[in-house]
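Heavy-atom basis, side chains included; hydrogens, waters and symmetry copies ignored. Numbers restart at 1 for each chain; the letters A, B, ... are given by sequence-line order, proteins then strands.
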Amino acid sequence: MSRTKIKDLLNSTSYGEIVTVKGWVKTFRNNQFLAINDGSTINNIQAVVDFTTTDEALLKRLTTGAAVSVTGKLIESLGKGQRVEVQVESLEILGDSDPEKFPLQPKKHSLEFLREIAHLRFRTNTFNAVFKVRHALAYAVHKFFNDRGFVYMHTPIITGSDAEGAGEMFRVSTIDFDNVPRNEDGSVNYKEDFFGKPTNLTVSGQLEGELAAMAFGEIYTFGPTFRAENSNTTRHLAEFWMIEPEMAFYELAENMDLAESLLKYVIRYALDNCSEELEFLKGRLQEEEKQKPQNERSELDLLAKLNFCLENDFERITYTEAINILRNSKPNQKKQFKYLIEEWGADLQSEHERYLVEKHFKKPVILTDYPAEIKAFYMRQNEVDSEGRKTVRAMDILFPGIGEIVGGSQREERIELLEKRMEEMHIPAEELSWYLDTRRFGSAPHAGFGLGFERLVLFVTGMTNIRDVIPFPRTPKNAEF
RNA sequence: UCCUGAGUAGCUCAGCCGGUUAGAGCAUCUGACUGUUAAUCAGAGGGUCGCUGGUUCGAGCCCAGCCUCAGGAGCCA
């Protein structure tokens with residue numbers, strides 16, 4: 001007999017129908033009430049076993065975590081707390097679960113503990129909900145771009161260029177560390193390595209993405225990204241997923257429009273398609289925040305926060321305007337910032353970003369036109385202003401609780417200016433001549449951005465540690481599973 | 001990498017000023033009960049107090065080093 005998914009059974013009114021349920025035991029109460037979950041929904045179905053006619057040895061094996069198949073009649077529940085239940089006629093244990101050793105109990109576990117058993121945490125309500133939302137968001141990203149005619153481009157994971165400048169890279173090599181091939185001067189002979197030269201894992205698909213955009217018009221990438229930074233925070237991973245659209249003939253304003261509508265679209269999609277999961281996560285967050293003092297709790301609950309984000313335009317201000325706001329802000333004047341804002345040109349610290357987003361505007365903020373000094377070589381240079389300040393057409397989107405969720409820019413399409421900037425920043429032009437070819441042959445204005453997928457999942461699920469929104473987090477000193 | 005805090009039973013945590021045999025709730029096991037909702041009730045088992053060294057008559061507690069984890073910062077998405 002084919003199985004029926006629990007999600008469908010919980011919505012069914014076909015009372016009297018004989019159904020088969022396969023799933024994992026959550027709890028077995030009172031020697032007769034079996035709560036089964038099959039992952040199709042965070043809710044369980046109750047199967048009622050007649051213990052007077054069932055073999056005692058079999059009943060003993062109904063332990064938390066065991067995989068079971070039950071067949072019986074779907075009936076209106078005789079008890080309160082659930083609408084339907086299955087009256088068990090036959091019961092089979094598909095896989096036992098030793099209760100002495102199975103680490104998940106029908107009680108609350110800390111997220112830290114569950115992180116240590118990441119292979120089993122999928123079976124908890126919280127992670128069921130988180131990864132359902134993650135899936136929905138990933139699907140929505142593809143749907144958004146596909147519906148707008150963007151081409152999904154697979155940029156390389158292994159890169160031969162170390163000039164991307166987005167952070168420390170992981171070396172990819174087949175060299176035997178115990179027997180390193182050397183040149184006469186003692187340096188490593190990379191000609192002996194797999195690719196015949198040093199290679200690394202990608203830190204960004206942007207440069208290759210630009211090449212494709214200069215042919216297809218509008219493309220996006222969505223793939224794994226690797227940063228070998230020794231970052232130990234709630235919002236950094238060594239391996240994460242990034243979405244990088246790149247669009248020919250877009251200027252900065254259109255780039256911002258696209259990023260804002262992408263974020264709103266995928267949040268809307270999650271609200272429309274994951275209401276059960278988000279409702280659960282909202283409750284989880286409220287429980288968690290009960291531990292905190294009143295002034296640290298969120299003003300809006302999870303659903304209200306997401307809806308608020310949809311209903312309001314993101315605030316768009318330039319770096320220069322932000323500096324003026326910060327300079328005149330209370331925490332700056334009362335010297336409450338750890339880093340006080342004094343001069344134009346300083347990089348914004350996360351305390352400043354948080355002030356702008358969470359205190360001043362109380363909504364997502366897009367910061368544009370940063371000082372050229374603190375931004376990457378490929379960003380389009382603005383005219384020097386009346387005070388002699390050099391800025392670039394960068395834009396960062398800041399979200400409450402997350403910080404920077406999007407970083408992008410209009411790209412410098414004028415080759416003379418680009419080459420000059422590369423020289424100033426000591427970027428080897430020879431290594432990137434393929435990149436510069438886009439500016440040599442039919443260069444055109446274009447723009448793009450990078451969206452950190454896990455940071456998006458963090459925001460939508462209300463989770464607070466990025467290690468809890470990716471199945472198997474890779475962080476410094478941690479590559480388990 | 002820096003700053004702060006933590007590490008005691010399977011899990012969550014208590015453990016006073018250094019002093020007898022290190023405790024609780026949940027989980028597990030045994031029994032009772034049998035329409036329960038993290039079932040309930042009674043009982044039992046369960047400890048390398050993160051690791052190494054030191055101080056002391058005596059260390060879970062004090063000191064030093066190390067490891068791991070968490071939060072914050074930096075780097076960034």
With a 6.0 Å cut-off on the ring centroids, do A/Phe145 and A/Tyr265 count as close?
no
Using a cut-off of 4.0 Å on non-hydrogen atoms, how would the nucleic acid contact of [X] be classed: base, sugar-phosphate, or nothing?
{"X": "A/Pro103", "answer": "nothing"}
{"X": "A/Ile405", "answer": "sugar-phosphate"}
{"X": "A/Gln105", "answer": "base"}
{"X": "A/Leu237", "answer": "base"}
{"X": "A/Gln46", "answer": "base"}

Report the nucleotide, chosen from [options], that has the shortest atom-to-atom distance to any side-chain atom of [X].
{"X": "A/Phe113", "options": "B/G35, B/G31, B/C11", "value": "B/C11"}
{"X": "A/Arg354", "options": "B/G35, B/A73, B/U30", "value": "B/A73"}
{"X": "A/Ser77", "options": "B/G35, B/C75, B/A77", "value": "B/G35"}
{"X": "A/His109", "options": "B/A77, B/U1, B/C11", "value": "B/C11"}

If you apply the rule side-chain hydrogen bond (donor to acceptor under 3.5 Å, both in side chains), what do you find for A/Glu276 with A/Thr41, and how did you get there?
CA-CA 8 Å; A/Glu276 215 172 58; A/Thr41 159; 3.0 Å; yes
[X]: partners by ring pair (Phe, Tyr, Trp, His ring centres under 6.0 Å), with sequence neighbours left out:
{"X": "A/Phe28", "answer": "none"}
{"X": "A/Phe122", "answer": "A/Phe131, A/Phe472"}
{"X": "A/Tyr435", "answer": "none"}

The criterion is side chain to side chain contact (heavy atoms under 4.5 Å, CB included); which residues satisfy it with [X], sequence neighbours excluded?
{"X": "A/Arg467", "result": "A/Arg115, A/Leu237, A/Asn465, A/Pro473, A/Thr475"}
{"X": "A/Glu315", "result": "A/Ile317, A/Phe361, A/Lys363, A/Val365"}
{"X": "A/Gln381", "result": "A/Val392, A/Glu412, A/Arg414, A/Leu417, A/Arg421"}

Atom NE2 of A/His236 to atom P of B/C76: distance rounded to whole Å?
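So the two atoms are 8 Å apart, to the nearest Å.
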Specify whether A/Tyr139 and A/Tyr269 have parallel, tilted or perpendicular ring planes, treating 30° as the upper limit for parallel and 60° as the lower limit for perpendicular.
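Rings of A/Tyr139 and A/Tyr269: tilted, as their planes differ by 30° to 60°.
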Under 4.0 Å protein heavy-atom contacts per nucleotide of nucleotides 38-51 of chain B, with B for base, S for backbone only and - for none
BB------------
Tabulate atom names and distances for all N/O pairs under 3.5 angstrom spanning the protein and nucleotides 68-71 of chain B.
from: B/A70; atom 1: OP1; to: A/Arg115; atom 2: NH1; distance (Å): 2.9
from: B/A70; atom 1: OP1; to: A/Arg467; atom 2: NH1; distance (Å): 2.8
from: B/A70; atom 1: OP2; to: A/Arg467; atom 2: NH1; distance (Å): 3.1
from: B/G71; atom 1: OP1; to: A/Asn465; atom 2: ND2; distance (Å): 3.0
from: B/G71; atom 1: OP2; to: A/Asn465; atom 2: ND2; distance (Å): 3.2

Measuring only the C1' atom in each nucleotide, how far is B/A59 from B/G18? A whole number of Å is fine.
7 Å
What's the gap between B/C63 and B/G5 when it is taken at their P atoms, as a whole Å value?
12 Å
Can you pull the salt bridge (Lys or Arg N to Asp or Glu O under 4.0 Å) pairs that have at least one residue in residues 45-55 of chain A, sequence neighbours excluded?
none
Scan residues 31-41 of chain A for pairs that pass salt bridge (Lys or Arg N to Asp or Glu O under 4.0 Å), counting only residues two or more places apart or in two chains.
A/Arg3-A/Asp38
Mind pulling the stems RNA chain B is in, i.e. runs of at least three Watson-Crick or G-U pairs, everything under 3.5 Å?
B:1-7 with B:67-73, B:10-13 with B:23-26, B:28-32 with B:40-44, B:50-54 with B:62-66
May I ask you to verify if any side-chain N or O of A/Ser350 is less than 4.0 angstrom from the OP1 or OP2 atom of B/G74?
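So the side chain of A/Ser350 is within the cut-off, an N or O lying under 4.0 Å from OP1 or OP2 of B/G74.
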Sequence neighbours excluded - side chain to side chain donor-acceptor pair (under 3.5 Å) pairs with any residue from residues 59-68 of chain A:
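Sorted result for residues 59-68 of chain A: A/Arg61-A/Asp96.
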